[in-house]
Amino acid sequence: MFVDSDTVNEFRSEDGAIHIIERRCKLDIDAPRLLKKIAGVDYVYFIQKNSLNSRERTLHIEAHNETFSNRVIINELCCYSVHPENEDWTCFEQSASLDIKSFFGFESTVEKIAMKQYTSNIKKGKEIIEYYLRQLEEEGITFVPRWTPPAAAPSLETSLSCKKPAASLTVVVPDPTLKEGLSGEPLSTPSGAAEPTAGTPDDKLDADYIKRYLGDLTPLQESCLIRLRQWLQETHKGKIPKDEHILRFLRARDFNIDKARETMCQSLTWRKQHQVDYILDTWHPPQVLQDYYAGGWHHHDKDGRPLYVLRLGQMDTKGLVRALGEEALLRYVLSINEEGLRRCEENTKVGRPISSWTCLVDLEGLNMRHLWRPGVKALLRIIEVVEANYPETLGRLLILRAPRVFPVLWTLVSPFIDDNTRRKFLIYAGNDYQGPGGLLDYIDKEIIPDFLSGECMCEVPEGGLVPKSLYRTAEELENEDLKLWTETIYQSASVFKGAPHEILIQIVDASSVITWDFDVCKGDIVFNIYHSKRSPQPPKKDSLGAHSITSPGGNNVQLIDRVWQLGRDYSMVESPLICKEGESVQGSHVTRWPGFYILQWKFHSTPACAATNLPRVDDVLASLQVSSHKCKVMYYTEVIGSEDFRGSMTSLESSHSGFSQLSAATTSSSQSHSSSMISR
């Protein structure tokens, strides 16, 4: 707790733009009395240096401990700056390090106390900032003009007036309480009012755009959206999802950027690998589904959400699984979700922001045959896939006429449903849905389906038993499933430390073009291209697996023999390209000579921070994320004749590459390396 401070040193530039002040701060640490008695202190002292640059609009705060500096080293750095895309926002970032050399045998205790205080005071830091902002408002200060270079001799009164809010902010941080930066995430909070900026739909920051297409967002939520979108623009060129889609993943993870980024990257990779973006245009459901799948879209609810009606009790789940297989059902559910996304977008254009739909499930007729084990297994898998790739798309789920067997089914499926999704479930037994709090609260009377005693004719199929003549054997279903779900041009591979993954491409005609498109699903890798006049030996399938490793996450093949020497047996034709986790890379290379070209993905080790002996938090987290020294890539390559080559992005599009259609427009960023074109 901050007690007092003394000014040690102070500097102010002639024009008043730079103000640096150094203080000796007195803090009261919430530590056990015995520990304080052994240490022989009641208070600890920190040296804090605040550097305010009004010209650059930044505030840097550096702090280190004076007390016990020969036993414990604490360094802390805070930075306030203006958001690069919105001048009305203030970004806050903080980092800190703790090194305990010795402390009377209580090293672990001191470490625990420090970490406890560091984490428990995060919210308090925000409260302190809000306290001083309210104090400024009470003093009548609601607007602070921007600093401008003095035309003549600077007025001391004006200079002090401009700096008052910054001076108030600097009082906040002497005690190391504001620790939001521990996870490496900057905290963006609204600053005092600045000059209004004219926003446009292109910068996605215009208040009208946000209210019209995204709904009500807090400043922190807007900041999270922009930071995640900016990260995607830097690493996923050409396949940026729309803001509505990014927002769904943020909401599903309570606006935790790291978690949202991880799940979103996995989903984008999944969509690309399985060509989900094209499912509505390229896949047509079998006639059996059209006749016996008792579900369909039916108008919209009172909130403007698209309404999907599912008569689960009338559906023969066992017959559908036996006739079509699990994969066909999954693909059909995916097409329903893709159609739901499209309908949400259409409803948003004609009304207010709509990002989810309502599902009405009628359970009349549900019995023990619906608890058929393979059918339940298929249902659980469908729930798992939808939860992972379509978060926050279900606005409300109305379950009607739940029979006695429903609790058994609910017990089986509820553990696989996210807590946020479960809270959207409304369950009605018998005819309770007709009473207060029932359907009429959510759906207009005019569109309640006729089979629920409503006035509207519903065109949803009635379902019924699937004829056994349509059943197929397990072998037939297995072959069909393989055909359905492996329609992908991409391959997966694992990359290990000391065991890169390599593929061989033979070029007969010089000036051919090798194109590639790959995603780094896990870890960091280095991408290389080599040329050799002789073919490497095929990988040996030995018992030790020294050259070829097969894993559930993909294959690992090594072609370059250990006795080969770079420059003698093979040569590098492109500069190594370091690719970070989550990046998407497309590029091409125009070959100069015939022969054998080897594309290599190699494990990349992140160098430790050289400025200090202490490991950074980012380094520790990175080492944990690539535990077991394993990376994963998903790739596609193609060789094109030079006369057919029209640039890396267009050539990949012509070969049906799975670029996401979630983006409003496909753009590319190309970087030329002699005869190659590489874009992230």
Side-chain angles (χ1 to χ4, degrees), residues 211-218 244 247-248 251-252 254 294-315 333 336-337 339-366 383 386-387 390-407 409-411 413-414 417-463:
K211 187 174 182 179
R212 175 66 182 83
Y213 293 99
L214 303 180
D216 295 327
L217 299 177
T218 67
E244 304 93 291
L247 200 55
R248 289 187 181 101
R251 283 174 172 152
D254 296 324
W297 295 99
H298 180 75
H299 300 284
H300 52 79
D301 67 5
K302 287 186 175 181
D303 295 323
R305 297 190 186 103
L307 177 63
Y308 189 83
V309 175
L310 180 64
R311 304 185 67 178
L312 185 60
Q314 304 298 316
M315 195 156 59
V333 173
I336 293 172
N337 280 271
E339 175 66 18
L341 293 176
R342 188 184 65 81
R343 287 173 177 262
C344 286
E345 188 173 342
E346 290 179 352
N347 286 16
T348 298
K349 291 178 181 178
V350 298
R352 62 183 187 82
I354 302 295
S355 61
S356 59
W357 52 82
T358 294
C359 186
L360 188 155
V361 180
D362 180 25
L363 296 184
E364 186 182 49
L366 189 77
I383 291 175
V386 171
E387 282 282 310
Y390 299 93
E392 294 299 311
T393 53
L394 181 65
R396 185 180 294 116
L397 180 65
L398 304 170
I399 300 178
L400 310 183
R401 302 196 281 195
R404 292 183 178 180
V405 74
F406 174 71
L409 181 62
W410 178 248
T411 302
V413 302
S414 60
I417 301 175
D418 181 74
D419 290 339
N420 290 335
T421 305
R422 274 206 298 260
R423 285 194 285 268
K424 301 172 185 177
F425 284 34
L426 295 172
I427 303 174
Y428 302 90
N431 294 321
D432 292 346
Y433 68 92
Q434 297 177 346
L439 274 187
L440 288 176
D441 286 8
Y442 307 104
I443 301 174
D444 290 329
K445 181 179 180 181
E446 294 78 16
I447 64 169
I448 293 181
D450 52 346
F451 61 84
L452 293 175
S453 304
E455 302 174 357
C456 185
M457 289 295 296
C458 184
E459 298 180 358
V460 173
E462 295 183 1

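These numbers come from the heavy atoms of this one structure, side chains and all, not from hydrogens, waters or symmetry mates. The structure displayed is predicted, hence computed values, not measured ones. Positions are given from 1, in the same order as the sequence printed here.
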Item to complete: Can you measure from OG1 (T421) to CZ (R396) and round to the nearest 0.5 angstrom?
Response: 14.0 Å
Worksheet, complete the sentence: Looking only at heavy atoms, the pair that brings C344 and S355 closest together is SG-C, 3.8 Å
Discussion item. Set out, in order, the CA-CA distance, both residues' side-chain angles and the distance that settles side chain to side chain contact (heavy atoms under 4.5 Å, CB included) for L360 and L439, then state yes or no.
Written reply: CA-CA 10 Å; L360 188 155; L439 274 187; 3.8 Å; yes
Worksheet item: When rounded to the nearest 0.5 angstrom, what distance separates CZ in R305 from OG1 in T393?
Response: 11.0 Å
Response to the item:
For C456 and H298, the nearest pair of non-hydrogen atoms, with its separation, is SG-CE1, 3.4 Å
Fill in: Pairing residues for Q434 by the side chain to side chain contact (heavy atoms under 4.5 Å, CB included) criterion, not counting sequence neighbours
N431, S453
Worksheet item: Any idea how W410 and F425 line up, ring-wise: parallel (<30°), tilted (30 to 60°), or perpendicular (>60°)?
Response: tilted
Worksheet item: So, for V460 and A294, which heavy atoms are closest and what is the spacing to 0.1 Å?
Response: CG1-C, 3.6 Å
Item to complete: Report yes if some heavy atom in the side chain of L398 is under 4.5 Å from a heavy atom in the side chain of Y433; otherwise report no.
Response: no
Discussion item. Taking ring pair (Phe, Tyr, Trp, His ring centres under 6.0 Å) as the definition, give me every residue that meets it alongside F451, ordered by chain and number, with sequence neighbours left out.
Written reply: none
Worksheet item: With a 4.5 Å limit on heavy-atom distance, are the side chains of S356 and K424 in contact?
Response: no
Worksheet entry | Separation of D418 CG from E387 CD (nearest 0.5 Å) | 5.5 Å
Discussion item. With a sphere of 6.0 Å drawn around CG of D216, does it hold more than 12 non-hydrogen atoms of other residues, nucleotides or ligands?
Written reply: no
Worksheet item: Which value, rounded to the nearest 0.5 Å, describes the distance between L400 atom CG and L363 atom CG?
Response: 7.5 Å
Item to complete: Before giving the answer on side chain to side chain contact (heavy atoms under 4.5 Å, CB included), spell out for I336 and W297 the whole-Å C-alpha distance, their side-chain angles and the decisive distance to 0.1 Å.
Response: CA-CA 9 Å; I336 293 172; W297 295 99; 4.0 Å; yes
Practice prompt. Might you confirm whether atom NZ of K211 has over 12 heavy atoms from other residues, nucleotides or ligands at distances under 6.0 Å?
Written response: no
Discussion item. Could you check whether E346 pairs with K349 (Lys NZ or Arg NE/NH1/NH2 to Asp/Glu carboxylate O, under 4.0 Å)?
Written reply: no
Worksheet item: Which atom names give the shortest non-hydrogen contact between L341 and W357, and what distance separates them?
Response: N-CZ3, 3.4 Å
Discussion item. Going by salt bridge (Lys or Arg N to Asp or Glu O under 4.0 Å), name the pairs with one or both residues in residues 353-363, residues two or more places apart or in two chains.
Written reply: D362-R401
Fill in: Qualifying residues under side chain to side chain contact (heavy atoms under 4.5 Å, CB included), relative to T348, sequence neighbours excluded
R212, Y213, I354
Worksheet item: Passes side chain to side chain contact (heavy atoms under 4.5 Å, CB included), D303 versus R352? Steps please.
Response: CA-CA 9 Å; D303 295 323; R352 62 183 187 82; 3.2 Å; yes
Item to complete: Evaluate side chain to side chain contact (heavy atoms under 4.5 Å, CB included) for N420 paired with E392, printing each intermediate quantity in order.
Response: CA-CA 8 Å; N420 290 335; E392 294 299 311; 4.0 Å; yes
Fill in: Residues which pass ring pair (Phe, Tyr, Trp, His ring centres under 6.0 Å) with Y390, listed by chain and number, not counting sequence neighbours
none
Which atom pairs, one a donor and one an acceptor, fall under 3.5 Å between side chains of residues 440-449 and the rest of the protein, sequence neighbours left out?
from	atom 1	to	atom 2	distance (Å)
D441	OD2	G437	N	3.4

Discussion item. Salt bridge check, E244 against R248: does any charged N sit closer than 4.0 Å to a carboxylate O?
Written reply: no
Worksheet item: Where do D301 and L307 come nearest, in terms of heavy atoms and distance?
Response: N-CB, 4.3 Å
Worksheet item: With side chains defined as the heavy atoms from C-beta onward, is the minimum distance between C359 and L397 less than 4.5 Å?
Response: yes
